[in-house]
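Notes follow the structure.
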Amino acid sequence: MITHPKTEELAESVRLWIDEIRPTLDPRNAFLARVAANAMATIYRELTQGPAAEASAVAGMARVLGHDGSFEDLNAELCERIRSGELTRETPGLMAALTTMARDQIAIDQPGYRPEGTPAPAA
Amino acid sequence: MTVDVRAGLEKLAVRLGGEGARVTEAQRLSGGASMETYAYSFEGPRGAERLIVRRRNAPFDPENGRAVSLQTEAALITATEANGARVPHVRHVCDNRDGLGEAYVMVRVDGETLGRKITSDPRFDAVRPGLARQCGEVLYGIHRTPVPAGLNLKVVDGAFELDRYEEIYRATGAKRPILELAFQYLRRHTPRPVEPVLLHGDFRNGNIMFDPEQGVAAVLDWELAHVGDPAEDMGWICTNSWRFGRPDRPVGGFGEYADLLAGYAAAGGGAIDLPRVRFWQMLGSLRWGVMCLTMYLSWRDGANKSVERPMIGRRVSETEADLVVLLDEGL
């Protein structure tokens, strides 16, 4: 892949430009520009963290399901076997795999989100 | 038909305030695609009034979605006020004479609705410890209110909601194992239905006006009112997506479960088990996750091309991050 610049650097440059012009916009567009800047930041994080998150999800799902496969195939099978009731929260390894997947995905989508169970912020 | 809102509000000032009354403020505040809210004031021979106008600018379709008509909303607010709930006073329900379409007018209540201010602004430090209890009290004022005659509200229980949201989820085509497990777990732990009561339906931090000295000032945003399990309203205000960065305080990001339940009981409500509240809280996260998916789909399918929509789709993972913890803890 091209490295000068890398794709994530293109995304980052667009985010910085949006942040620069935001103060000049009317309130509605300023809000939408903030959303757009967040979208660019999400793209940046997905490009930089996504491959490791996907590899870890694939490994976790493969352990639970007992065989290898692509992310799409394993994810679809996992959904189907949960839906059928065959896999439950008591299934060894399932909650651990899902917890890792959730943690990695929120780190890409909304790193500032404080999920259920997070202790109070330090005063 | 286009409605001249400005002219309608001038006419309304005379109707409410008397001959010679004139509008001193008519500012559009916010609203969704089909709902308008105005800060509205007038001065007339009988004095000045500070009001809020809510009006729908598209025809109301009772078959579409969960919302009730504005007339129903106004009737419910008035009925719950008579039962001691803290709500805005309905000043006037518009009719054909007003030329404003579907609309009503309420007395303006001052205070703060921004969720993050309630959870974190030092201005609310003094009242914050009492808010969960007050929310319990005000909820019982709503729940004890008989549904006014002639109103036909939807009746909902846990199994019904799971069916409805699973159907919506399946239709999206998304494959999310955590949502699957949440559906499965909640189906296995659906509480036995109880005698249904009037519910606010969207009782959460963000839809309540808080005063820095009095605490709960008024419960707003009644469009999702329906009939069902009293624990549904409690679970929704405990859903982490509405705790605004304070997951350590389960009620709205400001209070504790025990205080919410104690306030409800002290006001005269029956005892409600915490696991029942937690069932609805978890269903609240699941429901919000499915709603985020549908908001993304409205973008994909071209109904709404705003950049907000796909980004709300990325909020599904916040509900998944909450749901895995709730699944691990159990109800």
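Atom set for the values below is all heavy atoms of this structure, side chains included, hydrogens, waters and symmetry mates excluded.
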| task | Taking A:Arg114 for its side chain and B:Pro247 for its backbone only, find out whether a donor-acceptor pair lies under 3.5 Å. | result |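 Flag not set: sc A:Arg114 to bb B:Pro247 has no pair under 3.5 Å.
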With no hydrogens and no angle check, is any side-chain donor or acceptor of B:Gln184 less than 3.5 Å from a backbone partner on A:Arg83?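 Checking the backbone N and O of A:Arg83 against the side chain of B:Gln184, no donor-acceptor pair under 3.5 Å is found.
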Side chain, backbone, both or neither: which part of [X] has a non-hydrogen atom closer than 4.5 Å to chain B?
X	value
A:Met61	neither
A:Leu87	backbone
A:Arg103	neither
A:Thr88	both
A:Gln105	both

Nearest 0.5 Å, please: how far is [atom2] in [Y] from [atom1] in [X]?
X	Y	atom1	atom2	answer
B:Cys292	A:Asp109	SG	CG	10.5 Å
A:Glu116	B:Asn240	CD	CG	5.0 Å
B:Ser241	A:Tyr113	OG	OH	4.0 Å

Cationic N near anionic O, under 4.0 Å, [X] to [Y]:
X	Y	value
A:Arg28	B:Glu308	yes
A:Glu46	B:Arg314	yes
A:Glu80	B:Lys175	no

ask   = Between B:Arg315, B:Glu320, B:Arg187, B:Arg249, which shows the greatest number of heavy-atom pairs under 4.5 Å with chain A?
value =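 Among the listed options, the one with the most contacts to chain A is B:Arg315.
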Between chain A and each of B:Arg176, B:Glu166, B:Arg246, count heavy-atom pairs under 4.5 Å; write down the option with the most.
->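 Among B:Arg176, B:Glu166, B:Arg246, the one with the most close pairs to chain A is B:Arg246.
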- Message: Within the structure provided, determine whether A:Pro121 and B:Asp248 are in side-chain contact (heavy-atom separation under 4.5 Å).
- Response: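 Side-chain contact under 4.5 Å: yes.
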Report yes if the side chains of A:Pro115 and B:Asp322 come closer than 4.5 Å at any heavy-atom pair, otherwise no.
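A:Pro115 vs B:Asp322: side chains touch.
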Self-check item: For chain B, the option from A:Asn38, A:Leu78, A:Leu98 that forms the most heavy-atom pairs under 4.5 Å
Solution: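 Max contact count across the listed options: A:Leu98.
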- Task: Could you tell me which of A:Gly85, A:Ala97, A:Ala76 has the largest number of non-hydrogen atom pairs under 4.5 Å with chain B?
- Result: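 The option with the most such pairs is A:Gly85.
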- Task: State which residue, out of B:Ile178, B:Val325, B:Leu181, fulfils the side-chain contact (heavy atoms from CB on, under 4.5 Å) condition with A:Met95.
- Result: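 Among B:Ile178, B:Val325, B:Leu181, the one that satisfies the side-chain contact (heavy atoms from CB on, under 4.5 Å) with A:Met95 is B:Leu181.
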- Task: Might you point out which heavy atoms bring A:Leu32 and B:Val307 nearest each other, and give the distance in Å?
- Result: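 Nearest pair, atom of A:Leu32 first, then B:Val307: O-CG1, 3.8 Å.
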- Item | Step-by-step side chain to side chain contact (heavy atoms under 4.5 Å, CB included) determination, A:Ile106 to B:Glu318 | CA-CA 6 Å; A:Ile106 198 71; B:Glu318 90 184 27; 3.8 Å; yes
